[in-house]
There are 2 protein chains.
Amino acid sequence: MSNTRMTVREIAKLAGVSVATVSRVSNGTGQVSEEMRRRVLDAIEKHGYRPDHLGRALAAGRHGALGLVFPGLSGPYFTELIQGFESEAVPSRASVHILCTHLRSDSDDQVLEMGRRVDGVAVMGGTISDEALLRLAKMVPVVVVAGEGPGDIPSVRADNVGSMLALTRHLLAEHDLRDLVFVGNPAGSPDVSERWAAFRRAHHDLGIEPPAEPVAVSMQQADGVLAADQLLGGDTPRPAGVVCANDEIALGVLVGALGRGLRVPQDLHITGFDDVPAAALVTPALTTVRQPVRELAAEAARLILRAAGQPGNTPAGSLVLPAELVLRRSCGCPAPRPEVPAGE
Amino acid sequence: MSNTRMTVREIAKLAGVSVATVSRVSNGTGQVSEEMRRRVLDAIEKHGYRPDHLGRALAAGRHGALGLVFPGLSGPYFTELIQGFESEAVPSRASVHILCTHLRSDSDDQVLEMGRRVDGVAVMGGTISDEALLRLAKMVPVVVVAGEGPGDIPSVRADNVGSMLALTRHLLAEHDLRDLVFVGNPAGSPDVSERWAAFRRAHHDLGIEPPAEPVAVSMQQADGVLAADQLLGGDTPRPAGVVCANDEIALGVLVGALGRGLRVPQDLHITGFDDVPAAALVTPALTTVRQPVRELAAEAARLILRAAGQPGNTPAGSLVLPAELVLRRSCGCPAPRPEVPAGE
DNA sequence: TGGTCGGCTGAAACCGGTTTCTGTTAAGCG
DNA sequence: CGCTTAACAGAAACCGGTTTCAGCCGACCA
């Protein structure tokens, strides 16, 4: 009815009761007689009163909000992440604040500012400085997603090590490949760092000498094209296989290789990581690793909600979810099914 | 220093001044003598005081937050949208709340709840009911992104009509195609509705009879595969070209066509909409339309911020940004460049 | 020297809720 | 019938800030 916002006190006056009673009715707490409850509900209904979120939050000392911090929104990985997080937060009546640190230099400050507006934060690994992370953790419960935090900050992540071990071993042992290269910058994110380490360890486990250095590029498709230029353009002998830190790099390398007239996988084997939708679509389809990104994010949200619910801010331990090897044509495996992918 | 949060009153006591003075210093408002300012700043510095966001927001009657509502996060379109919105909001010290209505049935309520937590909301067209949109607009400034709102709710959108007119005309006139079909559900979103209307109008403008009905499917890749089954599987004559409501559908149709042994564009012409990264990557590369999604979202954020800044909640008018036709192989055009796409 | 004006300060009201704490009333019980 | 107790209602304090308003004081002017 009324366009101007009602307050508890106005409703109280209109219903002829005290503000305490209105609050009790609208929250369902305490004891209220049927008579009073009727009067209050009538007034609320009649004037379309909804309690103000700020007033309530201030009194409760709780924001009713969760934060999610990520470097940027490149690709389907982040899409899944956000949806997983959000779908877990909303049923708990918590709103979701997002922050893309992107290329901004003052992201540490912005994250700390976010810490003052929410009840807990999930931060993607490698997004902000450890120092900022520790300070943030002093304000609100924090969980690191896809990475590892300093101190005893809890984290949830996929099994990078296990799956990259399996993938590399697959290439080395089943396809009997040598001269593999790794494309991706281990310094860029904890995920890549773990993948690079596992890539090397798989070599060592089989008594094979791994390359000393990765081809350190960023995570976009264009960087994969660049890497392909570097690997295939010069006079250096062509590697047998290219293990990429994610699918987008792999797709870039694929384009670069095909553009040079190379056949994949006959002339060059390529693998990715993440299983983005396009990975199944391109020709040849991309061998990759599927992570339970959505569950990862949902689990992070759950941890935060639980910690925020308790005054003691329980930090809980770390969690590692399994990842799944997806073998397709680009590593030399036969096409798994009659090429009619079920979309996404 | 202190781990437990400081309040204005504590700082005031420690600095030996009144809370009003502390507030004035920390906000830089009003007149404060150098002596007082020093004392307050010292106390603030020493105890690491930062004003509580809730208290401040309550007193100011402003949340310092913007909302963004979308149906789901399928594909790069939404990624761009979020980043554009966020990059405009953050410099204004506004946090960004997101809400995926997804498959939830109670999204209207959730949107209204969001309206009580932010200073303004951008809603993707077709995401919530007109009724909810109108009620939301009574609470906070609202902008519809990629769609049109009821009443005088302002909107920002790309030039669907102009670009789809140009695209369809291109197929009809330049490539001299007939028997085009449109794949996409006009009832699903305002964008698709506009595109379908423009598709038909281009036919009429050239005196050609357009198809009476679209192939109404959803916006995911799998739906494109379904559409291909329907169009290419039966005994009905194969259409000359398939105009898809977005790139993901088009990619699905492409896979379906190639999987049936058809050559694209020789046997079947296909076009998309949005210019997702994969559109340039697939073979043949996809003819499509590039929308200024990021600018769209940034403009929406700007409108909201401006409206939220003024008590009068200026609704402002609508805004239509131009879109660009991207001609590639899949419509029959020659490859524009030596096939080394610069990634994305 | 008295009056006015402007700079500076702090007490108190306010934002919109929740919660404690006190008091009243009626029911239950010996 | 008197006493205890439970149910219920409301006044007031509280959450942590901002802002109004009144008052004090020194400077300036006639």
Side-chain angles (χ1 to χ4, degrees), chain A residues 2 4-41 43-44 47-65 93 113 115-119 139-140 311, chain B residues 2 4-41 43-44 47-65 93 113 115-119 139-140 311:
Chain A
S2 87
T4 142
R5 310 266 312 159
M6 285 276 143
T7 73
V8 237
R9 294 170 227 271
E10 294 177 280
I11 293 294
K13 182 163 295 180
L14 289 165
V17 302
S18 73
V19 293
T21 300
V22 174
S23 178
R24 281 191 273 257
V25 169
S26 90
N27 283 7
T29 62
Q31 311 262 28
V32 182
S33 71
E34 203 44 47
E35 156 72 5
M36 291 286 129
R37 160 169 279 104
R38 284 272 307 135
R39 290 229 302 269
V40 173
L41 286 178
I44 286 181
H47 299 87
Y49 164 77
R50 305 304 283 150
D52 178 79
H53 180 71
L54 282 177
R56 179 172 270 185
L58 179 59
R62 183 171 303 180
H63 298 262
R93 316 199 58 72
E113 169 64 27
R116 316 221 317 295
R117 300 183 178 207
V118 299
D119 301 315
M139 307 197 255
V140 291
Chain B
S2 87
T4 141
R5 310 263 315 157
M6 284 277 143
T7 73
V8 238
R9 294 171 227 269
E10 293 177 280
I11 292 293
K13 182 163 295 179
L14 290 165
V17 302
S18 74
V19 294
T21 300
V22 174
S23 179
R24 281 192 272 258
V25 169
S26 90
N27 283 7
T29 62
Q31 311 263 26
V32 182
S33 70
E34 204 43 48
E35 156 72 5
M36 290 285 131
R37 159 169 279 105
R38 285 274 306 136
R39 291 229 301 268
V40 172
L41 286 178
I44 287 181
H47 299 88
Y49 165 76
R50 305 302 282 149
D52 178 80
H53 181 71
L54 283 177
R56 179 172 270 183
L58 178 59
R62 182 171 305 178
H63 298 261
R93 316 199 59 72
E113 170 63 28
R116 316 219 320 293
R117 301 183 178 207
V118 297
D119 302 314
M139 307 197 255
V140 291

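Proteins get letters first, then strands, A, B, ... in listed order; numbering begins at 1 in each. The model shown is predicted, which means the values in this text are computed figures rather than measured ones.
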Q: Using a heavy-atom cut-off of 4.0 Å across all strands, would you classify B:A60 as base, sugar-phosphate, or nothing?
A: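 The answer is nothing, as B:A60 stays clear of every strand by at least 4.0 Å.
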Q: When you match B:A59 and B:E35 each to their closest nucleotide on DNA chain C, which lands nearer the 5' end?
A: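 Nearest nucleotide further toward 5': that of B:E35.
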Q: Hey, could you give me the NE2/CG distance between B:H53 and B:L58, rounded to the nearest 0.5 Å?
A: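 Between atom NE2 of B:H53 and atom CG of B:L58 there are 11.0 Å.
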Q: For atom CZ of B:R62, is the number of surrounding heavy atoms from other residues, nucleotides or ligands below 6.0 Å larger than 12?
A: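 Result for CZ/B:R62: open.
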Q: With side-chain contact (heavy atoms from CB on, under 4.5 Å) as the test, would you mind laying out the steps for A:T7 and A:D52 before giving the verdict?
A: CA-CA 8 Å; A:T7 73; A:D52 178 79; over 6 Å; no
Q: So does A:E35 pair up with A:R38, basic N to acidic O under 4.0 Å?
A: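 The answer is no: the pair does not qualify as a salt bridge.
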Q: Quick check: do A:V32 and A:R39 have side-chain heavy atoms less than 4.5 Å from each other?
A: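 With C-beta onward as the side chain, the pair stays apart.
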Q: Looking for any heavy atom pair under 4.0 Å, which part of the strands does A:T7 touch: base, sugar-phosphate only, or nothing?
A: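 Sugar-phosphate contact only - A:T7 comes under 4.0 Å of backbone atoms but never of a base.
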Q: If you take any heavy atom closer than 4.0 Å to DNA chain D, which residues from residues 49-56 of chain A end up in contact?
A: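 Going residue by residue through residues 49-56 of chain A, none turns out to have a heavy atom under 4.0 Å of DNA chain D.
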Q: Look at all strands and tell whether A:V32 reaches a base, only sugar-phosphate, or nothing, counting heavy atoms closer than 4.0 Å.
A: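 Counting heavy atoms under 4.0 Å across all strands, the contact made by A:V32 is with sugar-phosphate only.
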Q: Once rounded to the nearest 0.5 Å, what's the spacing between atom CE of A:M6 and atom CZ of A:R50?
A: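 CZ of A:R50 is found 14.0 Å from CE of A:M6.
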Q: Heavy-atom nearest nucleotide on DNA chain D for A:R9 versus A:T21: which residue maps closer to 5'?
A: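 It is A:T21 whose nearest nucleotide is closer to the 5' end.
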Q: Considering every strand and a 4.0 Å limit on heavy-atom distances, what is the contact class for B:Q31: base, sugar-phosphate, or nothing?
A: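 The answer is base, as B:Q31 lies within the cut-off (heavy atoms under 4.0 Å) of a base atom.
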Q: At what distance, to the nearest 0.5 angstrom, does CE of A:M139 lie from CD of A:E113?
A: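 With rounding to 0.5 Å, CE (A:M139) is 8.5 Å from CD (A:E113).
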Q: For A:V17, answer base if it contacts any base atom (sugar-phosphate contacts may also be present), sugar-phosphate if it contacts only those atoms, and nothing otherwise; contact means non-hydrogen atoms under 4.0 Å.
A: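 Counting heavy atoms under 4.0 Å across all strands, the contact made by A:V17 is with sugar-phosphate only.
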Q: Taking any atom under 4.0 angstrom from a heavy atom of chain A, which nucleotides of DNA chain D are the first and last to qualify, 5' to 3'?
A: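 For DNA chain D, the relevant span reads D:dC8 to D:dG16.
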Q: So B:S33, base contact, sugar-phosphate only, or nothing? Heavy-atom distance under 4.0 Å.
A: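 Sugar-phosphate, backbone atoms only, no base.
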Q: I'd like to check A:L54 versus B:L54 (side-chain heavy atoms, cut-off strictly below 4.5 Å). Are they in contact?
A: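 With C-beta onward as the side chain, the pair touches.
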Q: Please confirm whether the backbone N or O of A:G64 pairs with a side-chain atom of B:R117, one donor and one acceptor, at under 3.5 Å?
A: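 Yes.
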